[in-house]
J.: 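This is the structure I want to talk about, given as structure tokens.
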There are 2 protein chains.
Amino acid sequence: MAPADRPDRVPRTGNRILDALPPADFARLRSEMDEVSLPVHQVVFDAQETITSVLFPLSGVISLVTPMEDGNIVEVTTVGNEGMVGVPVFLGARSTTVRAISQVSGRALRQPVDAFLRAIDDHSQLRAVVQRYTQALFTQISQSAGCNRLHSNEERLARWLLMSHDRVGADRFPITQEFLSQMLGVRRATVTVSAGILQRAGFISYARGQVTIVDRKGLEGASCECYRIMQTELVRLLSY
Amino acid sequence: MAPADRPDRVPRTGNRILDALPPADFARLRSEMDEVSLPVHQVVFDAQETITSVLFPLSGVISLVTPMEDGNIVEVTTVGNEGMVGVPVFLGARSTTVRAISQVSGRALRQPVDAFLRAIDDHSQLRAVVQRYTQALFTQISQSAGCNRLHSNEERLARWLLMSHDRVGADRFPITQEFLSQMLGVRRATVTVSAGILQRAGFISYARGQVTIVDRKGLEGASCECYRIMQTELVRLLSY
DNA sequence: CCTGCTCCGTACGGTACCGTACCGACAGAG
DNA sequence: CTCTGTCGGTACGGTACCGTACGGAGCAGG
């Protein structure tokens, strides 16, 4: 199953929630999970749909978006290997008003809802970690709500790139301006302009659906404070 | 203490979370609470500040806002007697990045953080209700995040008035355009224009810091879908 | 090599806001 | 009854977007 050379040493999965658990706890959980791959643009669950399993991403980026009646969507937060998808289940719901969509392809450990809820009951450590991750999610969404209203497209684009950069763990990753525009809730043409500014400033480079983060510090300077606030709070809450 | 004519019958407080509890549970909780009044514009707790007690509003409206570095703020959600202030405590945190500020004066039951956490441990019913309220809050904030990006000032103003109308339980309540502008993250002058449109349409009337909801149905038509989505989800999650 | 497709750059008129500012109307204090 | 502060209406230039649209550049398949 996994390359553990000692029986009581569970190898890190790469998911920070699962990796925070004691080895024995994780072993029991792992037996109820299967590893799945998430192709780009896959809808993990849609608004109003019954959630049947939760996901612990190992790689890639999943976006939670709020879909509107006219078909427009806006990202409210981003999930990677620092978190999980399916927090509403933890909060006693089986559906939600947001859509979870894979934005950068990756892999994840999937656990059926029933098993997850049993695990939450049985493992106080898991409960505690998920609780604090839920709080981090709160911070991120609240900050997004303000950011969406007050900050410029360019600042928000920089923030999005930084958050994704953290989660993919590589300087280069695939993302088209078309999908970026949906995440940011603007026209594609507006993304082109903002991305062009960041590119000419030497912070990123960009070609045919592939971004490269060239100057991370520069990008942080171009972003609004929201990136820093979300990141700081995430670190604070998940430093067990 | 309270005008209960039978010893085992606890009178409704008016707060929907507390009212969902079995009488015996509530009685024990109540002994650890004190009733406070919340004058308008009082900061219940500020961003980064240690939260020492949670509040269960009986009347009035409290706004959760995201404060930005430049001093601007934007409302992310509204809390009234359907909920509580201090959900981060439930999620294992003692502080948050949002500010809670009383927007329409009212009264609330206040419980120290320690007592609240003991109560959460001891009373599964309270835990379940707060959990589901937390999920409702998630929905509201997520919807706000999208709404703030995609919908016009006029639609968002109508939504804000409807949400407050539900919570104050009166057709007339005090709110200045100045504070509305802060909630909506726009200039006061923009509120004047939008409010003027709603007033000329006969949906509201407005004078010197007092709004009156004249035609609620009309206002619902002027609002974006976000009001309905938040309201529906709240009812669904809190119908125990 | 051509075709078709995806992705990105650019343009142009329109609009919903912005920052700033001024002024009038009303209410409460004295 | 005046004074003073709060509240709301309006204006004006500026700007960051919008909707729409066209075209070019690269890549993949036939």
Side-chain angles (χ1 to χ4, degrees), chain A residues 39-41 68 70-74 103-105 146-161 172-201 203-212 222 224, chain B residues 39-41 68 70-74 103-105 146-161 172-201 203-212 222 224:
Chain A
V40 66
H41 302 159
M68 296 295 179
D70 58 8
N72 281 332
I73 64 177
V74 181
Q103 203 63 14
V104 174
S105 65
C147 189
N148 282 347
R149 184 92 270 270
L150 296 173
H151 296 147
S152 74
N153 184 56
E154 193 180 326
E155 288 174 310
R156 297 191 305 116
L157 173 59
R159 170 171 73 76
W160 197 93
L161 290 171
R172 179 187 166 91
F173 52 91
I175 184 79
T176 65
Q177 294 190 353
E178 175 66 36
F179 272 84
L180 261 176
S181 77
Q182 294 192 21
M183 291 304 103
L184 299 175
V186 298
R187 292 173 317 143
R188 183 195 56 75
T190 300
V191 173
T192 302
V193 172
S194 300
I197 294 173
L198 295 179
Q199 181 155 32
R200 278 187 291 280
F203 301 156
I204 62 173
S205 81
Y206 214 104
R208 296 202 67 74
Q210 296 282 336
V211 212
T212 307
C224 49
Chain B
V40 65
H41 302 159
M68 296 294 179
D70 59 7
N72 280 332
I73 63 177
V74 181
Q103 204 64 15
V104 174
S105 65
C147 190
N148 281 348
R149 186 86 267 256
L150 295 174
H151 296 148
S152 74
N153 185 57
E154 193 181 326
E155 288 174 311
R156 297 190 307 116
L157 173 59
R159 170 171 73 76
W160 197 95
L161 291 171
R172 180 187 165 91
F173 52 91
I175 184 79
T176 65
Q177 295 191 351
E178 176 66 35
F179 272 84
L180 260 175
S181 77
Q182 293 194 23
M183 291 304 103
L184 299 175
V186 297
R187 291 174 318 145
R188 183 194 55 76
T190 301
V191 172
T192 302
V193 172
S194 300
I197 294 173
L198 296 179
Q199 181 154 31
R200 278 187 293 278
F203 301 155
I204 63 174
S205 82
Y206 215 104
R208 295 202 70 71
Q210 297 281 337
V211 212
T212 307
C224 48

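Protein chains get the first letters and strands the later ones, always in sequence-line order, with residue 1 at the start of each. Only heavy atoms go into these numbers, but all of them, side chains included; no hydrogens, no water, no symmetry mates.
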J.: Any chance you could list the contact pattern along nucleotides 18-24 of chain D? Use B for base contacts, S for sugar-phosphate-only contacts and - for none, protein heavy atoms under 4.0 Å, 5' to 3'.
T.: BBBB---
J.: Just how large is the angle between the end axes of the helix from C:dC1-D:dG30 to C:dG30-D:dC1, five pairs per end, to 10 degrees?
T.: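 Comparing the first five pairs with the last five, the axes sit 30° apart.
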J.: Quick one: B:L157 CG to C:dA16 P, roughly how many Å, whole number?
T.: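 After rounding, the gap between these two atoms is 16 Å.
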J.: From B:I197 CD1 over to B:T192 OG1, what is the distance, rounded to the nearest 0.5 angstrom?
T.: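 Atom-to-atom, B:I197:CD1 and B:T192:OG1 are 11.0 Å apart.
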J.: I need the CG-P distance between A:L180 and C:dC8, as an integer number of Å.
T.: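 It works out to 9 Å between those atoms.
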J.: Ring-plane angle category for A:F179 and A:H41, please: parallel below 30°, perpendicular beyond 60°, tilted otherwise.
T.: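 It falls in the parallel class, under 30°.
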J.: Which part of the nucleic acid, if any, lies within contact of A:T176, taking any heavy atom under 4.0 Å across all strands shown: a base, the sugar-phosphate backbone alone, or nothing?
T.: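 It contacts sugar-phosphate atoms only.
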J.: Once you round to the nearest 0.5 Å, how far does OG1 of A:T190 lie from CD of A:Q177?
T.: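 Rounded to the nearest 0.5 Å, the OG1-CD separation comes to 10.5 Å.
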J.: How long is the span from the CG atom in A:N72 to the NE2 atom in B:H151, to the nearest 0.5 Å?
T.: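 Going from the CG atom of A:N72 to the NE2 atom of B:H151 covers 7.5 Å.
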J.: Working to the nearest 0.5 angstrom, can you tell me the gap between B:I73 CD1 and A:R149 CZ?
T.: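 One gets 13.5 Å once the value is rounded to the nearest 0.5 Å.
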J.: Taking atom P of D:dC27 as reference, at what distance in whole Å does atom CD of A:Q210 sit?
T.: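 Going from CD in A:Q210 over to P in D:dC27 covers 11 Å.
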J.: Quick one: does B:S194's side chain have a donor or acceptor within less than 3.5 Å of a partner on B:V191's backbone?
T.: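 No, B:S194 side chain to B:V191 backbone: no donor-acceptor pair under 3.5 Å.
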J.: How long is the straight-line distance from CD of A:E178 back to CE of A:M183, given to the nearest 0.5 Å?
T.: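 Reported to 0.5 Å precision, the distance equals 10.5 Å.
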J.: Rounding to an integer number of Å, can you tell me how far A:E178 CD sits from C:dT6 C1'?
T.: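 Atom-to-atom, A:E178 to C:dT6, this comes out as 10 Å.
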J.: Mind checking whether A:L198 and A:L161 have side chains closer than 4.5 Å, heavy atoms only?
T.: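 Of all side-chain heavy-atom pairs linking A:L161 with A:L198, at least one is under 4.5 Å.
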J.: Quick one: A:F179 CZ to C:dC7 P, roughly how many Å, whole number?
T.: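 In whole Å, C:dC7 P and A:F179 CZ are 8 Å from each other.
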J.: Is there side-chain contact between B:R156 and B:V186, with at least one heavy-atom pair below 4.5 Å?
T.: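 Result yes, sub-4.5 Å side-chain heavy-atom pair found.
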J.: What is the distance from CG of B:N148 to C1' of C:dA16, rounded to the nearest Å?
T.: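 Rounded to the whole Å, the gap is 16 Å.
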J.: Between C:dC7 atom C1' and A:Q177 atom CD, what is the distance in whole Å?
T.: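 After rounding, the gap between these two atoms is 8 Å.
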J.: What is the distance, rounded to the nearest whole Å, between atom CD of B:Q182 and atom P of D:dC7?
T.: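 Computing the B:Q182:CD to D:dC7:P distance gives 12 Å.
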